[in-house]
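Since the structure comes first, as structure tokens, the remarks are kept for the end.
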Amino acid sequence: MELESLRALRHGGGFEKSILVQLPLPKHINEEKILSEISIEKDVDGFHPLNIGKLAMKGREPLFVPCTPKGCMELLSRSGVTVKGKRAVVVGRSNIVGLPVSLLLLKADATVSIVHSRTPDPESIVREADIVIAAAGQAMMIKGDWIKPGAAVIDVGTNSVDDPTRKSGYRLVGDVDFAEVSKVAGYLTPVPGGVGPMTVAMLLKNTVDGAKRGIVE
Ligand code: NDP
């Protein structure tokens with residue numbers, strides 16, 4: 001979308017109650033500039049710097065929480081996994097998944113470590129975790145012997161790998177080696193069918209919450 005039309009949407013007093021920018025943007029478009037143009041009241045993706053800033057600050061509440069991280073927390077909560085006081089390790093530190101989910105876990109009183117591409121010996125850090133959030137975009141990187149027995153493992157990764165047995169020639173796998181980790185973990189989300197649908201549900205929830213707020217105003 002052109003910046004001018006985005007501004008019109010932002011400032012217009014029309015009926016639009018939410019705006020979502022499909023990321024990643026093509027390289028010639030400045031993502032920071034585009035995301036900052038979205039009114040925080042309509043930022044259902046929760047990526048506006050003000051929403052992320054409030055998420056990071058103690059005692060502040062963002063208007064919207066990013067959908068995939070929010071979905072991870074919902075999965076933990078609905079599965080009865082205690083977060084408070086637990087050791088959580090997030091693999092990945094991106095603006096859209098790793099960083100915000102780390103902030104949410106911290107807000108929920110977990111002790112949080114973040115592993116990224118420059119972390120030496122990531123497996124020894126992941127092995128300490130009661131809760132693992134895998135969001136590295138590396139197919140089946142996390143193996144069974146990385147996981148503490150009984151840990152809750154949320155696999156955000158969605159990676160396509162060649163599969164000549166499929167008509168499409170590929171299949172989707174997570175960042176977690178499902179066959180291995182399912183033997184050790186207490187909880188494990190599948191790919192596809194785990195975090196993906198929950199992300200969509202959280203986007204709808206954010207949209208409805210935003211619309212309700214708009215009506216009340
Ligand atoms: P990015 O590529 O933006 O970030 C990946 C992160 O993982 C980076 O912080 C990177 O570190 C880190 N990383 C990469 N390789 C390694 C490694 N070998 N060891 C440790 N850390 C590593 O990806 P996204 O956060 O956007 O997405 C992550 C995955 O989640 C992707 O597979 C994506 O498709 C999927 N996804 C799924 C969604 C869903 O709804 N199910 C929604 C969003 C994403 P560094 O910062 O050092 O480069």
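Just so you know, ligand 1 is whichever comes first in the structure, and atom 1 is the first atom listed for that ligand.
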Exercise. Do any N or O atoms from the side chain of R127 and from the backbone of P122 form a donor-acceptor pair under 3.5 angstrom?
Worked result: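 Not a single qualifying donor-acceptor pair exists.
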Exercise. Any sub-3.5 Å donor-acceptor pair from D175's side-chain atoms to A136's backbone N or O?
Worked result: yes
Seminar exercise, completed: For S77, the side chain to side chain donor-acceptor pair (under 3.5 Å) test, sequence neighbours excluded, returns none
Exercise. When you check the side-chain N and O atoms of R93 and S117, is any donor under 3.5 Å from an acceptor?
Worked result: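 Not at all, the side chains of R93 and S117 share no donor-acceptor pair under 3.5 Å.
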For this session: State which residues pass salt bridge (Lys or Arg N to Asp or Glu O under 4.0 Å) with R166; sequence neighbours excluded, sorted by chain then number.
Result: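 Salt bridge (Lys or Arg N to Asp or Glu O under 4.0 Å) check on R166 returns D163.
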Check: residues 68-75 side-chain donor-acceptor pairs under 3.5 Å, at least two apart:
unit_1 : atom_1 : unit_2 : atom_2 : d
T68    : OG1    : T199   : OG1    : 3.1
K70    : NZ     : N206   : OD1    : 2.8
E74    : OE2    : R78    : NE     : 2.7
E74    : OE2    : R78    : NH2    : 3.1

Exercise. Who's touching ligand 1 if we go heavy atoms under 4.0 Å?
Worked result: T68, V91, G92, R93, S94, I96, V97, H116, S117, A135, A136, G137, Q138, M141, V156, G157, T158, N159, V195, G196, T199
